[in-house]
Each structure stands twice: as C-alpha cells, then as structure tokens.
*Asks:* 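Structure incoming, see below.
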Amino acid sequence: MRFDPWNPEFVAHPYDVYDELRRQRPVSFFEPTGQWLVARHADVNALLRDRRLGRSYLHVATHAEFGRPDDPEFQDPFWRVVRAGMLDVEPPVHTRLRRLVSKAFTPRMVEALRPKVAEIAGGLVDRFVERGGGDLISEVAEPLPVTVIAEMLGVPEADRHLLRPWSADICGMYELNPSVEAQHTAVRAAEEFSAYLVELARARRANPGDDLISALALVAEEGDKLTEEELVGTCVLLLNAGHEATVNVTGNGWWSLFRNPGELERLRADHGLLPTAIEEMMRWDTPLQMFERWVLEDITVGGVDIPRGTEVALLFGSANRDPEVFADPDRFDVGRVDNPHISFGAGIHFCLGAPLARIELIESFGALLRRAPKLELATEPGWGPGYVIRGLTALDVRV
Ligand code: HEM
C-alpha cells in the first residue's frame, strides 16, 4: 500500500506506510495534493517551530505572488471566519489574539474547572451505565467537551446541539482536496455559525455574564484590541477546537484499549496510570494525523530542498511512531513515561487547550473505569472517512 488518504484501508491502518516513509523517503513529494510529506519526528517537530514556515502566507504575500489561484468567491464567508481566528494567522496578529484568551486556559485556570468537568463526566457516565451502554462516542465522548467549552464561552444550553454539526461541517474543508459539496457545506456552516455568534455577542455586550464571550465582547467594544470579525473567528475556533479532537481521542483511545486487552487490564488494576495512559492514547492513534504549513522562505529538510511557495504536510501520526524517539513505538504501553508525542503540535500554535483536554480525558476515562469496570466492545467499530481528522463513526459498548 502507498500513502493514500482517500483509501479507507489506508485510513484504517496508515502505520506500515508511515514506517516505510520514515525509513526510505522521509521527505517526499505527493503529487495529488502538490505537498511535501514529512514523516520523521525530528523534522516535524523542527518545522512546527521554524518561523520560515507559516499556517498562512497572506501576511507576507498575495495568492498571486505565491502562484496560487484566488479562493473561489463562494468560499468568502468561510475564510472570513477561519482567517479571523488565531490558528490561521501569524504574528503579530497571532500574538495579540492568543494573548487575549490565553489567560482563560492556563493550567491554573483550567485546574479550577476540574470539579465541574468531573461532575459533568460523572453525570454522563451514570446515565450511560444505567442504560447498560450504547454508543460511547455520541453519549459520553461528544457531550462532555461540548458542554465544557460551551459553558466556558457562555453558549446557552438550548443551542448546544448546533455546535457539533457546525464544527463537523467546517472541518470538512480541512480534509485533503475536499469535494465541491463538502466545500459548500463548510461555507454554509461558517455562515450560520458566525451569524449566530454575532447575535450572541451583541446580547452579551448588552447584558454581560461571567463567560468568555461576554469578556471578549467587552474587549471588542473598546475597539483597538479585537474587531467584531476576530471576536467571531475566535469563538468559532474555541468552540470547534475545544471539542473536535477530544471526542476522537476518547473514541480512538477506548478502541486502543480494547485492541490491547492486556493494557486495559493493567489500567483497570491501577487507575494511577491514567495520566500516562491518556498520553499514550494520544501518541499511538492520534486523531489529528496531519497538519500543513506554507513554506515562506526556501528551506532544506533532510537533504531535500523545498522552495518558497510550496506546502509541507507534517505527518503527526508518523512522527508519533518514530523509533528514533520512542522505544518500541508500535507497542501500546499505558505506563510509557518518556513520551514526547506531537499530538498537541509545537511552536507558537501549540494547542492552547492542552491542559483542558487532559483534564477532560482523565475525568471521562476515570469515571468510566470506576463505574463500568467490565466495559466491553459490543460491535466492531469503523473509521469515519476523514484522514486529517481521523476518528470512529461510533463505538458500541456494553457495561
Ligand atoms: C485532545 C484534544 C486536542 C488535541 C489533540 C488538540 C490538538 C491541537 C493541535 C495539533 C493544534 C496545533 C495545530 C497546528 O499547529 O497547526 C491545536 C491548536 C489549538 N487548539 Fe487544540 N487540541 C485538543 C483540544 C483542544 C481544546 C480542548 C481546546 C480548547 C479551547 C483547544 C484549542 C486550540 C486552539 C485555540 C488552538 C490554536 C492555537 C494557536 O493557533 O495558537 N484544543 N490543537
């Protein structure tokens, strides 16, 4: 098999292909997307921190100067939202936007949320156990991070069911060569989501609460630190990034445990292993298999010259299995201590929500281990179609 992100067999098991890439072609050109695939941990890690690359090039060049076509006009509403969030901008705009919200996500601030997260996780798991099980993804993995981030931002409970579909539709644009239909779906979701947030921010400005949207709406009112477009872009990013990957770490993580019953037993016998087990789940089957960067100045990676104006595809899933960094990398080891996985990224865009994600995962896995000590798989799960964002469609279990 070759690197083929549109092939379900590859998506289900990309690791042999990664192994071959790391050994034989650690930096290789991938014709169908015109990107350079980067497979080794050292290179992925270095490029994420290298300021000669960027999530965007629009701060230093136009589309034409980079030899790229303009975005099709129908995509305008999508890019307006996405390019107004910190993830798709570079300094100095990135620095300003990240600083505005980073105070809410420091380890100390999110540690204060732990009791609340534990309470939400406990409630979801109790109901799940009472029903005897079901789809772990839709009933526990999704509602936990959606509820937590929606509460932090102040999205009313009655509207929260909208977040997951909007996020999933927006994420469709991040897959490689998305279909025209997926592009239209993403644009529509971005339009609806931003219209919703504009209204909500206005309501909060008039009547502020103790939540992040109110805080940001008040900053935006002062005028010079945050535009209304950036306010919306920031909230969309936080609400989406704040749950999308956590859902898939939960699903992929339980599936990893079921596929490695010895390690599941080890964890059941010693819940103290949870922190290392969660990191291992994130390493062994990361939900974010690939992130891209634009090359802003000519670079050389592993002896290969990569010119300005091209794009590199950093293979996180491969970096996380690199034997140069991880002992016995294909082994799933819930007690692994030396585990510098790359699943939260690195450099200036390093995941802002990492401390929160870790708390959510520890609390949800902990609650399930305690209250469903015999949790078992009911039916074999299947992978969704996504490669960049890779997760199971459902995970049916019995308690
Ligand atoms: C286990 C779950 C999560 C994983 C695996 C994850 C992964 C990542 C990765 C890899 C990046 C960097 C992307 C890049 O460099 O191109 C990132 C950025 C980001 N993540 Fe997470 N994330 C998770 C949970 C969260 C949560 C709970 C939040 C809550 C707010 C969050 C908010 C963000 C934000 C705002 C950024 C952009 C940071 C910036 O551009 O400076 N993430 N995440």
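One-based numbering, in listed order, for ligands and for the atoms of each.
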*Asks:* Identify the closest protein heavy atom to atom 40 (O) of ligand 1: which residue and atom is it, and at what distance?
*Replies:*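 The closest one turns out to be His349 ND1, 2.6 Å.
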*Asks:* For atom 26 (C) of ligand 1, what is the closest protein heavy atom, and at what distance to 0.1 Å?
*Replies:*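 Residue, atom and distance for the closest contact: Ala241 O, 3.4 Å.
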*Asks:* Give the numbers and elements of all ligand 1 atoms closer than 4.0 Å to a heavy atom of Thr246.
*Replies:*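 So the atoms of ligand 1 that pass are 2 (C), 24 (C), 27 (C).
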*Asks:* Considering heavy atoms of the protein only, find what lies nearest to atom 20 (N) of ligand 1 and give residue, atom and distance to 0.1 Å.
*Replies:*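 Checking every protein heavy atom, the shortest distance to atom 20 (N) of ligand 1 gives Cys351 SG, 3.2 Å.
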*Asks:* Is there a side-chain contact between Leu200 and Ile213 in this structure, where contact means two heavy atoms from C-beta onward sitting under 4.5 Å apart?
*Replies:*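 In contact.
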*Asks:* Which residue and atom name correspond to the protein heavy atom nearest atom 36 (C) of ligand 1, and how close is it?
*Replies:*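 Its nearest protein heavy-atom neighbour is Leu352 N, 4.1 Å.
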*Asks:* Is it true that Gln75 and Trp79 share a donor-acceptor pair across their side chains at a distance under 3.5 Å?
*Replies:*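 Side chains of Trp79 and Gln75: pair found under 3.5 Å.
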*Asks:* What is the distance from atom CD of Gln183 to atom CZ of Arg188, rounded to the nearest 0.5 Å?
*Replies:*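 Here the interatomic distance stands at 12.5 Å.
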*Asks:* Answer yes or no for Arg55 and Trp294: cation-pi contact, defined as NZ/CZ to six-membered ring centre under 6.0 Å and angle to ring axis within 45°.
*Replies:*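 Relative to the ring axis of Trp294, which defines the angle, Arg55 lies outside at least one limit.
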*Asks:* Roughly how far, to the nearest 0.5 Å, is the NE2 atom of His341 from the CG atom of Asn45?
*Replies:*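 Reported value, rounded in 0.5 Å steps: 12.0 Å.
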*Asks:* Using the ring centroid of each side chain, check whether Tyr387 and Phe3 are separated by less than 6.0 Å.
*Replies:*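 Between Phe3 and Tyr387, which both carry aromatic rings, the centre distance is below 6.0 Å.
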*Asks:* Is it the side chain (CB and beyond), the backbone, both or neither of Ile348 that lies under 4.0 Å from ligand 1, heavy atoms counted?
*Replies:*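 Answer for Ile348: backbone.
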*Asks:* Note the single closest protein heavy atom to atom 38 (C) of ligand 1, along with its residue, its atom name and the distance in Å.
*Replies:*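 For this ligand atom, the closest protein heavy atom is Arg98 NH1, 3.4 Å.
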*Asks:* Starting from atom 5 (C) of ligand 1, which protein heavy atom do you reach first, and at what distance in Å?
*Replies:*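 Going atom by atom, the protein heavy atom closest to atom 5 (C) of ligand 1 ends up being Ser343 O, 3.5 Å.
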*Asks:* Answer with yes or no after comparing the ring centroid distance for Phe365 and His271 against a 6.0 Å cut-off, counting only values under it.
*Replies:*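 Not under 6.0 Å, so no.
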*Asks:* Just which atoms of ligand 1 are under 4.0 Å from any heavy atom in Phe291?
*Replies:*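 Within the 4.0 Å cut-off of Phe291, ligand 1 contributes 10 (C), 13 (C), 14 (C), 16 (O).
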*Asks:* Met282 near ligand 1, heavy-atom distance under 4.0 Å?
*Replies:*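 The answer is yes: ligand 1 sits under 4.0 Å from a heavy atom of Met282.
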*Asks:* Within a distance under 4.0 Å of any heavy atom of Leu87, pick out the atoms of ligand 1 and give their elements.
*Replies:*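 Atoms satisfying the 4.0 Å criterion: 13 (C), 37 (C), 40 (O).
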*Asks:* Can you tell me how far the CD1 atom of Ile149 sits from the CD atom of Glu360, to the nearest 0.5 Å?
*Replies:*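 These two atoms lie 7.5 Å from each other.
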*Asks:* Which is it for Phe344 and ligand 1 at heavy atoms under 4.0 Å: side chain, backbone, both or neither?
*Replies:*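 The answer is both.
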*Asks:* Considering the heavy atoms of Arg55, write down every atom of ligand 1 situated less than 4.0 Å from one of them.
*Replies:*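 Matching atoms, with element in brackets: 14 (C), 16 (O).
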*Asks:* Taking the six-membered ring of Phe10 as reference, does the cationic atom of Arg2 (NZ for Lys, CZ for Arg) lie under 6.0 Å from its centre and within 45° of its axis?
*Replies:*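 Not flagged: Arg2 not positioned over aromatic ring of Phe10.
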*Asks:* How close do Leu273 and Arg266 get, heavy atom to heavy atom, and via which atoms?
*Replies:*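 For Leu273 and Arg266, the tightest heavy-atom pair comes out as CD1-O, 3.9 Å.
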*Asks:* Would you mind checking which non-hydrogen protein atom is closest to atom 30 (C) of ligand 1, with the distance to 0.1 Å?
*Replies:*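 Atom 30 (C) of ligand 1 sits closest to the protein heavy atom Phe105 CE2, 3.4 Å.
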*Asks:* Nearest 0.5 angstrom please: His41 NE2 to Asp43 CG, how far?
*Replies:*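 Interatomic distance, His41 NE2 to Asp43 CG, rounded to 0.5 Å: 11.0 Å.
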*Asks:* Which ligand 1 atoms are under 4.0 Å away from a heavy-atom of Val249?
*Replies:*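 Per the distance check, 1 (C).
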*Asks:* Using non-hydrogen atoms of the residue, decide whether Val148 is closer than 4.0 angstrom to ligand 1.
*Replies:*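 In this structure, Val148 fails to qualify as a contact of ligand 1 - no heavy atom is under 4.0 Å.
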*Asks:* Identify, by atom number and element, the atoms of ligand 1 in contact range of Arg293, meaning under 4.0 Å from any of its heavy atoms.
*Replies:*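 With Arg293 as reference, the close atoms of ligand 1 come out as 14 (C), 15 (O), 16 (O).
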*Asks:* Using a strict 4.0 Å cut-off to heavy atoms of Ala357, name the atoms of ligand 1 that fall inside it.
*Replies:*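 Numbered from 1, ligand 1 contributes 1 (C), 2 (C), 24 (C).
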*Asks:* Evaluate the side-chain proximity of Leu352 to Ser102: yes if any heavy-atom separation is below 4.5 Å, no if none is.
*Replies:*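 Yes - at least one pair of side-chain heavy atoms lies under 4.5 Å apart.
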*Asks:* Tell me, which protein residue and heavy-atom name are nearest atom 27 (C) of ligand 1, and how many Å apart are they?
*Replies:*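 So the nearest neighbour among protein heavy atoms is Gly242 O, 3.6 Å.
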*Asks:* For atom 3 (C) of ligand 1, which candidate among Ser102, Gly85, Ala245 provides the closest heavy atom?
*Replies:*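 Shortest heavy-atom distance from atom 3 (C) of ligand 1: Ala245.
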*Asks:* So is His94 close enough to ligand 1, meaning a heavy atom under 4.0 angstrom away?
*Replies:*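 Distance cut 4.0 Å: His94 passes for ligand 1.
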*Asks:* Go through ligand 1 atom by atom and flag the ones less than 4.0 Å from a non-hydrogen atom of Phe316.
*Replies:*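 Ligand 1 atoms under the 4.0 Å threshold to Phe316: 10 (C).
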*Asks:* When you compare the side chain of Phe66 with that of Thr62, does any pair of heavy atoms fall below 4.5 Å?
*Replies:*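 A side-chain contact under 4.5 Å is absent here.
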